[in-house]
Colleague: 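Structure provided below as structure tokens; questions to follow.
By convention in this document, chain letters (A, B, ...) are assigned in the order of the sequence lines, proteins followed by strands, and residues within each chain are numbered from 1. Nothing here was measured: the structure is a model prediction, and the numbers come from that model.
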Amino acid sequence: MAMLDLRRIRTEPEAVIAALDRRGPGTSDPVKRVIELDAAHRRVGAERDEVRGRIKSLSKEVGRLRGQGRTDEAEALMAESRALGEREKELAAEADRLAEEIRSTLLVVPNTPSDDAPDGAGDADNVVLRTEGYDPDAYGPHQRVPHWEIGEQLGLFDFERAAKISGSMFVMYRGWGARLLRAMVQLSLDRNADAYVEVRPPTLVRTETMVSTGHLPKFADDAYHVERDDLWAIPTAEVPLTSLHRDEILDAGDLPLRYCAYTSCYRREAGAAGKDTRGLLRAHEFDKVELLAVAADAEQAIACQEDVLARSEGLLRDLGLAYRVVDLCAGDLGASAARTWDLEAYAPGVDQWLEVSSVSWFGDYQARRANIRVRPAPEVGPDGTATRPKGTVVAHTVNGSAMGWPRTVAAYLETHRQPDGSVAVVEALRPYLGGAVAITPP
RNA sequence: GGAGCGGUGGCCGAGUGGACGAAGGCAACGGUCUUGAAAACCGUCGACCCGCAAGGGUCCGUGGGUUCGAAUCCCACCCGCUCCGCCA
């Protein structure tokens, strides 16, 4: 399965090329190659079909002649058919080779950015849409303490033992730290239960499942692979959630379908050695609550994307965190995404905006890879009669972290640290922490 | 790990090596009937490629093979299910 619609590439090549090159010069080069390959593939395919057609009609004739006992004549046609068979084999092999090359080329081409995504080459060009609850002068010295120090004072983490058990960039929570994490997860799950079906998917998945979201084949180095059983550890719940409806045809009337999942996520962070090595900011394994929607079309998908963003924002507000919404520019967009809004929470202790959520619309890119189709809803004409359009269309997908927890925990601890060194428990979390109002030293 | 069974169109499900992709049922859509609906009845009802069109071709898990001709026979692989064993 390709990812960009081959028909779209055929009918509007310039538009596709221009859109891809907004990601960076040369991004569209493989597509240009695909256009040539496609032309060749169709030419060869037509020729092969012609030969096959002749073989087919010869075969029929053979059957007829045999039935009439005219074996000599049949024999002659059989010889002719055999000869054509050789030619057919050559053409078929060539057509298959071309199809395979098209497929594998297309598989590594990223999605076309939405027209609404801002121009730009890298993260410096991202656009801050708005900033909420941030006043740089409002933070006291007690908040300018990095979360790993807070954690040490309050006994919330155990990085040394995590490293002993699993190596560097693994994290262990303990005591109030573990409880705080669990409270946040539960809060997040509960807050979305009204519209999102909670699932607990497997976190080891098949290769096709990783291919569907676009994590393979291009980003194999970023993922943990269990070779013995050829399974992959998911880098995000987006992976199993997107494949929930793989190879299915959904009824437009049932859409959008919305899911919410809490899972561990695994990332090798191969290119990030030495970056953010302290504390919770970057780890090989972390927890995340993910929201996902399968929509019928772009319009519905964008509405879903806005809903996910609003929900994630609401959660940050409830946690009393300052945050900003960032519109990723074309050059900084993930490969599968058409448009992405990042939520960055402000962490006063490390004085950084931490990406805690990423809300993306994938157009039909992932759904095409995953073969998720939609049977359109009946259209009501001016005379009041309903007609269901023929065929199916490819679905759209949207997903976003309801929240990526380690960074949220970091921003939370630093924001809510009190002058006495304790950390306040905001109201929304209290029910999940036995009514506690503050986290204090053990 | 051992033994067995199976993968066919939106769904269920038939299918003899030779008549277009494939019976039948369900669903869907159009119509008749009805105040409207249901029921009943009639009809339509896969995708893709080449072609202005007529028309032709491909596709019955995947890939090979046998054959003049394969959904149908053979081989390999993938996936699923059942039973037994082991185990949280």
Colleague: Mind checking the P distance from B:G43 to B:C59? Whole angstroms is fine.
Modeller: 31 Å

Colleague: Suppose you measure atom P in B:U44 against the same atom in B:U35; what distance do you get, rounded to whole Å?
Modeller: 28 Å

Colleague: Considering all heavy atoms of both residues, which atom of A:Pro201 and which atom of A:Val199 are nearest to each other, and what is their separation?
Modeller: CD-O, 3.5 Å

Colleague: Given the P atoms of B:C49 and B:U66, what is the spacing between them in whole Å?
Modeller: 31 Å

Colleague: Show me the pairs that pass ring pair (Phe, Tyr, Trp, His ring centres under 6.0 Å) and involve residues 227-260 of chain A, at least two apart or across chains.
Modeller: A:His225-A:Trp232, A:His245-A:Tyr259

Colleague: Could you tell me the separation between the CZ atom of A:Arg7 and the P atom of B:A47, rounded to a whole number of Å?
Modeller: 11 Å

Colleague: Pick the C1' atom in B:C84 and in B:A70, then give their distance to the nearest Å.
Modeller: 37 Å

Colleague: Considering Watson-Crick and G-U wobble pairs with both distances under 3.5 Å, what does B:G1 pair with?
Modeller: B:C84

Colleague: Taking the P atom in each of B:G2 and B:A71, what is the distance between them to the nearest angstrom?
Modeller: 34 Å

Colleague: According to the Watson-Crick and G-U wobble definitions, with both distances under 3.5 Å, which nucleotide is paired to B:A28?
Modeller: B:U44

Colleague: Using the test salt bridge (charged side-chain N to carboxylate O under 4.0 Å, His left out), find all partners of A:Arg52 that sit at least two apart in sequence or belong to another chain.
Modeller: A:Glu88

Colleague: Hey, is the side chain of A:Arg375 poking within less than 4.0 Å of OP1 or OP2 on B:C45, counting only N and O atoms?
Modeller: no

Colleague: Return a single string for nucleotides 53-79 of chain B, one symbol per nucleotide in 5' to 3' order, where B is base contact, S is sugar-phosphate-only contact and - is none, cutoff 4.0 angstrom on heavy atoms.
Modeller: ---BBS---------BS---------S

Colleague: A:Asn371 CG to B:A47 P: how many Å, rounded?
Modeller: 14 Å

Colleague: How far does the P atom of B:A23 sit from the matching atom of B:G10, given to the nearest Å?
Modeller: 14 Å

Colleague: Taking the C1' atom of each, how far is B:G18 from B:U72, in whole Å?
Modeller: 11 Å

Colleague: With A:Asn192, which residues qualify under side-chain contact (heavy atoms from CB on, under 4.5 Å), at least two apart?
Modeller: A:Ser188, A:Tyr196, A:Cys260, A:Leu291, A:Arg311, A:Ala402

Colleague: For nucleotides 7-9 of chain B, tabulate all protein N/O to nucleotide N/O atom pairs closer than 3.5 Å, reporting atom names and distance.
Modeller:
none

Colleague: Please give, in whole Å, the distance from B:C48 P to A:Arg10 CZ?
Modeller: 11 Å

Colleague: So that I can tick it off, tell me whether A:Arg87 and A:Glu90 are bridged by a salt bridge, with the cut-off set at under 4.0 angstrom between side-chain N and carboxylate O.
Modeller: yes

Colleague: A:Ile9 CD1 to B:C49 C1': how many Å, rounded?
Modeller: 17 Å

Colleague: Which whole-number value in Å describes the distance from A:Arg368 CZ to B:A47 P?
Modeller: 16 Å

Colleague: Report the residues that fulfil side chain to side chain donor-acceptor pair (under 3.5 Å) with A:Arg430, sequence neighbours left out, ordered by chain and then residue number.
Modeller: none

Colleague: If the C1' atom of B:C29 is compared with that of B:C78, how far apart are they to the nearest Å?
Modeller: 37 Å

Colleague: With a 3.5 angstrom cut-off on both distances, give the Watson-Crick or G-U wobble partner of B:G69, or none if there isn't one.
Modeller: none

Colleague: Could you walk me through whether A:Thr112 and A:Arg8 pass the side-chain hydrogen bond (donor to acceptor under 3.5 Å, both in side chains) test, one step at a time?
Modeller: CA-CA 11 Å; A:Thr112 49; A:Arg8 179 173 158 224; 3.2 Å; yes

Colleague: For A:Arg82, give me all partners under salt bridge (charged side-chain N to carboxylate O under 4.0 Å, His left out), at least two apart in sequence or on another chain.
Modeller: none

Colleague: With sequence neighbours left out, which residue pairs that include part of residues 111-122 of chain A fulfil the salt bridge (Lys or Arg N to Asp or Glu O under 4.0 Å) condition?
Modeller: A:Arg22-A:Asp119

Colleague: For residues 329-341 of chain A, dump all side-chain donor-acceptor pairs below 3.5 Å to protein atoms at least two apart in sequence or in another chain.
Modeller:
{"unit_1": "A:Asp332", "atom_1": "OD2", "unit_2": "A:Asn126", "atom_2": "ND2", "d": "2.9"}
{"unit_1": "A:Ser336", "atom_1": "OG", "unit_2": "A:Thr213", "atom_2": "O", "d": "2.8"}
{"unit_1": "A:Arg339", "atom_1": "NE", "unit_2": "A:Asp327", "atom_2": "OD1", "d": "3.2"}
{"unit_1": "A:Arg339", "atom_1": "NH2", "unit_2": "A:Asp327", "atom_2": "OD2", "d": "2.6"}
{"unit_1": "A:Thr340", "atom_1": "OG1", "unit_2": "A:Ser360", "atom_2": "OG", "d": "2.7"}

Colleague: Let me know, please, whether A:Ala46 or A:Arg373 comes out on the 5' side of the other along RNA chain B by nearest nucleotide.
Modeller: A:Arg373

